[in-house]
Peer 1: 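Structure provided below as structure tokens; questions to follow.
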Amino acid sequence: MMLALAGMTVVLEYGLVLVAALADLWSGLRKARRRGEARRSEALRRTVSKLCQYYNVMLALTVVDAMQIGLMCYVRVACGWDAPLLPCFTVIGAIGIAAIEVKSIFEKAEEKTQSDMANAASMMLNALKTLNAGGVVDWKSIIEKLNIKN
């Protein structure tokens, strides 16, 4: 009975991780609609990729839980201890993933846009440095003209 309850808990945690990721997708689509941005399949691809990463972590945690539950079953039989069969690592992992998704839902769209702009500027600067290393562009003079601190 306890083992079945632990299994149902694991299945529930996997389902709740899926719900949290889908809530983040829905929130992101709403924010894009408000900003007037086109909604592409890119968001769905990112969500699927994110879910794959989440479920890889969850699977590893579930394996650890299976080992500790197996140990607890042995302790029950061999020593007579009444240790609870709880998939604690999977539950903690699911809570952490859900917290990440909740944070993502409450992030302001403007902050995401600013972060994207900063990443784009950083990538351009790195590209200029690479081109400069090859003798193609003198990035230092460009930065001086733009009054950008390096």
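These numbers come from a predicted model, not from an experiment.
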Peer 1: What pairs of residues pass the salt bridge (Lys or Arg N to Asp or Glu O under 4.0 Å) test when at least one of them lies in residues 55-65, not counting sequence neighbours?
Peer 2: none
Peer 1: Could you identify which residues cluster with Trp26, counting Ile, Leu, Val, Met, Phe, Trp and Tyr as linked when any side-chain heavy atoms lie under 4.5 Å apart, either directly or through a chain of such contacts?
Peer 2: none
Peer 1: Treat each ILVMFWY residue as a node, draw an edge where side-chain heavy atoms are under 4.5 Å apart, and state whether Val102 and Leu16 are in one component.
Peer 2: no
Peer 1: Which heavy-atom pair separates Ala98 from Ala20 by the least distance, and what is that distance?
Peer 2: CA-CB, 4.3 Å
Peer 1: Can you list every ring pair (Phe, Tyr, Trp, His ring centres under 6.0 Å) pair that touches residues 59-91, not counting sequence neighbours?
Peer 2: none
Peer 1: Using 0.5 Å steps for rounding, measure from the SG atom of Cys88 to the CD1 atom of Ile69.
Peer 2: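 CD1 of Ile69 is found 8.0 Å from SG of Cys88.
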Peer 1: Where is the tightest heavy-atom contact between Leu51 and Ala21, given as atom of each residue plus distance?
Peer 2: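 Smallest heavy-atom distance, with atoms named: CD2-CB, 3.6 Å.
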Peer 1: Atom CE in Met58, atom CG in Leu18: separation rounded to 0.5 Å?
Peer 2: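 Output value for this atom pair is 11.0 Å.
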Peer 1: Is a side-chain N or O of Lys31 found less than 3.5 angstrom from the main chain of Ile105, in a donor-acceptor match?
Peer 2: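 Answer holds: yes.
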Peer 1: Would you find a donor on one side and an acceptor on the other, under 3.5 Å apart, between the side chain of Gln68 and the backbone of Leu86?
Peer 2: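 At least one qualifying donor-acceptor pair exists.
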Peer 1: List for me each residue that meets side-chain hydrogen bond (donor to acceptor under 3.5 Å, both in side chains) alongside Tyr14, sequence neighbours excluded, and say none if there are none.
Peer 2: Thr62
Peer 1: Can you name the side-chain hydrogen bond (donor to acceptor under 3.5 Å, both in side chains) partners of Asp82, sequence neighbours left out?
Peer 2: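 Testing Asp82 for side-chain hydrogen bond (donor to acceptor under 3.5 Å, both in side chains), a comparison that skips the adjacent residues, returns Arg76.
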Peer 1: Do any pairs count as a salt bridge (Lys or Arg N to Asp or Glu O under 4.0 Å) and have a residue in residues 5-19, sequence neighbours left out, and if so which ones?
Peer 2: none
Peer 1: Only distances under 3.5 Å count here; give the side-chain donor-acceptor pairs of residues 3-12 to other protein atoms, sequence neighbours excluded, each with its distance to 0.1 Å.
Peer 2:
unit_1: Thr9; atom_1: OG1; unit_2: Leu5; atom_2: O; d: 2.8

Peer 1: Quick check: is Tyr55 connected to Leu22 through a chain of hydrophobic side chains (ILVMFWY, heavy atoms under 4.5 Å apart)?
Peer 2: yes
Peer 1: Honestly curious: do Val57 and Val63 fall in one hydrophobic cluster under the side-chain, below-4.5 Å linking rule?
Peer 2: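 Same cluster: Val57 reaches Val63 through Ile, Leu, Val, Met, Phe, Trp or Tyr contacts under 4.5 Å.
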Peer 1: Remaining members of Val77's ILVMFWY cluster at a side-chain heavy-atom cut-off under 4.5 Å?
Peer 2: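 Members alongside Val77: none; it stands by itself.
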Peer 1: For Ile100, give me all partners under side chain to side chain contact (heavy atoms under 4.5 Å, CB included), at least two apart in sequence or on another chain.
Peer 2: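 Expected list: Tyr54.
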Peer 1: Keeping to residues at least two apart or across chains, list the salt bridge (Lys or Arg N to Asp or Glu O under 4.0 Å) pairs with something in residues 47-64.
Peer 2: Asp24-Lys50, Lys50-Glu101
Peer 1: Which distance, rounded to the nearest 0.5 Å, do you find between the CG of Leu59 and the OG1 of Thr90?
Peer 2: 9.0 Å
Peer 1: If you link I, L, V, M, F, W and Y whenever their side-chain heavy atoms are under 4.5 Å apart, who else ends up in the same group as Val19?
Peer 2: none
